[in-house]
Amino acid sequence: MPELPEVETTILNLRIKVRFRTFIDIWTDFKNIVKKPSSFEEFRKLIKNKKILRIWRAGKNIIFELSGGLSLLVHQKLTGHLIYGIWGLQSGKWKSKISGPLEDKVNSYIHLIFWLDDGKMLALSDLRKFAKVELWKTKKLKESEEIKNLGPDPLKISSAEFKNCFKNKKGKIKHLLMDQGIVSGIGNIYSDEILFKARIHPFREIKKLTNEEIERIYQTTKKILKKAIKLKGTSVSDYRLPAGGKGEFEKILKVYRREGEKCSRCGTIIKRVKLAGRSAHFCPKCQV
DNA sequence: TGCAGTGTTGCTTC
DNA sequence: CGAAGCAACACTGC
């Protein structure tokens with residue numbers, strides 16, 4: 001769920017809400033969510049009194065650059081959400097104290113809370129507990145494998161650079177579009193939507209795509225991602241904005257999770273087929 | 001009731 | 001060596 005547009009929406013919101021705030025203290029019920037340093041108490045000690053200077057994104061990773069030469073990296077994986085608000089414990093469960101659309105469902109999966117110096121909180125809710133939090137020395141983070149190995153951001157590159165990403169690669173286009181080492185930020189939902197709009201079959205071998213077809217994929221990638229950011233992302237199942245609202249892009253999904261429905265272009269029934277362990281959704285007639 | 005499926009990534013296996 | 005499979009976890013829906 002949190003793919004490039006959702007992560008971008010999240011950082012735009014967080015910049016307004018938590019930039020220049022200082023961490024007062026933290027709480028968790030799942031120490032394992034912090035992978036680095038390996039000791040949670042060490043993490044707590046290091047994060048206290050650090051100020052958020054800058055918030056940015058590398059692919060789907062959210063990075064808070066802090067005072068003291070440290071950077072906090074958060075990857076939301078499948079079901080993580082960074083949310084901002086005020087919560088209080090009520091019979092062992094976190095309840096939102098400010099009115100708004102935050103639902104108990106999201107609140108009940110809060111596993112990490114940062115208290116801020118404005119009296120509010122930044123929380124990480126994650127149903128499946130796959131999300132990861134790491135504290136790095138800012139200098140080392142930029143040289144780290146996880147950042148260095150990311151492909152370029154599709155919104156920041158030219159058509160020629162995009163084509164270059166796929167040069168000498170082999171495999172199916174959908175699989176490669178989702179490969180974070182080739183271009184970063186695209187996951188299952190947007191790869192389906194991009195290929196539908198580009199009228200390219202998800203199983204097409206990259207080597208057999210014409211120049212014109214890759215150009216079309218480049219153009220539609222930009223269009224789809226930009227539109228999704230404008231609509232504040234997709235809220236399939238439980239994605240939420242930092243203030244709890246839902247994204248709007250889901251309303252205009254053309255193929256993702258629309259198996260059995262009619263293609264909006266030609267009326268053919270949308271298919272769902274497994275590819276590399278994931279579901280690919282596409283129109284078998286107009287995607288060739 | 002039970003099992004397949006779910007947005008991601010990285011490690012294991014063949 | 002590269003590609004496929006699966007585990008991490010918890011829940012939904014058929």
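Letters A, B, ... mirror the listed sequences (proteins, then strands); counts begin at 1.
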Open item on the list: What's the gap between C/dC1 and B/dT9 when it is taken at their P atoms, as a whole Å value?
Closed with: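 Per the computed distance, 25 Å lies between those P atoms.
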
Open item on the list: Give me the distance, rounded to whole Å, that separates C/dC9 from B/dG2 when you measure between the P atoms they each carry.
Closed with: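 The answer is 22 Å between these two P atoms.
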
Rounded to the Å, how far apart are [X] [atom1] and [N] [atom2]?
{"X": "A/Leu275", "N": "B/dT8", "atom1": "CG", "atom2": "C1'", "value": "15 Å"}
{"X": "A/Gln76", "N": "B/dT8", "atom1": "CD", "atom2": "C1'", "value": "12 Å"}
{"X": "A/Arg57", "N": "B/dT8", "atom1": "CZ", "atom2": "P", "value": "14 Å"}
{"X": "A/Arg258", "N": "B/dG5", "atom1": "CZ", "atom2": "C1'", "value": "18 Å"}
{"X": "A/Leu124", "N": "B/dT8", "atom1": "CG", "atom2": "P", "value": "17 Å"}
{"X": "A/Tyr190", "N": "B/dT8", "atom1": "OH", "atom2": "C1'", "value": "15 Å"}

- [ ] Summarise how protein sits on nucleotides 9-14 of chain B as a single string, 5' to 3': B when a protein heavy atom is under 4.0 Å from the base, S for sugar-phosphate-only contact, - for no contact.
- [x] S-----

TODO: For A/Ser108, enumerate each residue passing the side chain to side chain donor-acceptor pair (under 3.5 Å) test, keeping only those at least two apart in sequence or located in another chain.
DONE: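 Testing A/Ser108 for side chain to side chain donor-acceptor pair (under 3.5 Å), a comparison that skips the adjacent residues, returns none.
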
Open item on the list: With a strict under 4.0 Å distance from non-hydrogen atoms of chain A, what nucleotide opens and what nucleotide closes the contacted stretch of DNA chain C, reading 5' to 3'?
Closed with: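 Endpoints of the contacted stretch of DNA chain C: C/dA3 to C/dT12.
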
- [ ] For A/Gly187, answer base if it contacts any base atom (sugar-phosphate contacts may also be present), sugar-phosphate if it contacts only those atoms, and nothing otherwise; contact means non-hydrogen atoms under 4.0 Å.
- [x]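 Sugar-phosphate, backbone atoms only, no base.
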
Open item on the list: Classify A/Lys170 by what it touches in the nucleic acid, base, sugar-phosphate, or nothing, heavy-atom distance under 4.0 Å.
Closed with: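 It contacts sugar-phosphate atoms only.
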
TODO: Would you indicate whether A/Lys163, at its atom NZ, is surrounded by more than 12 heavy atoms from other residues, nucleotides or ligands within a distance under 6.0 Å?
DONE: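 Yes, NZ of A/Lys163 has more than 12 neighbouring heavy atoms, counting only those of other groups under 6.0 Å.
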
Determine all donor-acceptor pairs shorter than 3.5 Å in which one atom belongs to a side chain in residues 275-288 of chain A; sequence neighbours excluded.
residue	atom	partner	partner atom	Å
A/Ser279	OG	A/Arg272	NH1	3.1
A/His281	ND1	A/Asp192	OD2	2.6
A/His281	NE2	A/Arg257	N	3.4
A/Gln287	OE1	A/Cys283	N	2.8
A/Gln287	NE2	A/Leu195	O	3.2
A/Gln287	NE2	A/Ile200	O	2.9

- [ ] Kindly state each residue pair satisfying ring-ring contact (aromatic ring centres under 6.0 Å, His included) with at least one member in residues 137-163 of chain A, sequence neighbours excluded.
- [x]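 Listed once each, the pairs are A/Phe162-A/Phe166, A/Phe162-A/Tyr218.
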
List the atom pairs, with distances to 0.1 Å, where a side-chain N or O of residues 112-120 of chain A and a protein N or O form a donor-acceptor pair under 3.5 Å, not counting sequence neighbours.
residue	atom	partner	partner atom	Å
A/Asp117	OD1	A/Arg21	NE	2.6
A/Asp117	OD1	A/Thr22	N	3.2
A/Asp118	OD1	A/Lys120	N	2.9
A/Asp118	OD2	A/Tyr84	OH	3.0

Task: Watson-Crick or G-U pairs under 3.5 Å in DNA chain B, rendered as dot-bracket with [ ] for crossing pairs and | for another strand - done: .|||||.|||||||

Task: Residues that A/Lys95 engages under salt bridge (Lys or Arg N to Asp or Glu O under 4.0 Å), provided they are two or more places apart - done: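 Counting only residues at least two positions away or on another chain, A/Lys95 forms a salt bridge (Lys or Arg N to Asp or Glu O under 4.0 Å) with A/Asp104.
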
Task: Hydrophobic cluster (4.5 angstrom, side-chain heavy atoms) - remaining members for A/Leu141 - done: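 Under the 4.5 Å side-chain rule, A/Leu141 groups with A/Trp56, A/Ile63, A/Leu73, A/Trp136, A/Ile147.
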
- [ ] Output all residues satisfying ring-ring contact (aromatic ring centres under 6.0 Å, His included) with A/Phe203, sequence neighbours left out; order by chain, then residue number.
- [x]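 Here the qualifying residues are A/His201.
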
Open item on the list: According to salt bridge (charged side-chain N to carboxylate O under 4.0 Å, His left out), does anything in residues 34-44 of chain A pair up with another residue at least two apart or in another chain? List the pairs.
Closed with: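 Counting only pairs at least two positions apart or across chains, the salt bridge (charged side-chain N to carboxylate O under 4.0 Å, His left out) contacts touching residues 34-44 of chain A are A/Asp25-A/Arg44, A/Glu41-A/Arg44.
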
TODO: Would you mind listing every salt bridge (charged side-chain N to carboxylate O under 4.0 Å, His left out) that reaches into residues 55-71 of chain A, with sequence neighbours excluded?
DONE: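 Qualifying pairs, neighbours excluded: A/Glu8-A/Arg57, A/Arg54-A/Glu65, A/Arg57-A/Asp153.
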
Task: Ring center gap for A/Trp87 and A/Trp27 short of 6.0 angstrom - done: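 Centroid separation for A/Trp87 and A/Trp27: 6.0 Å or greater.
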
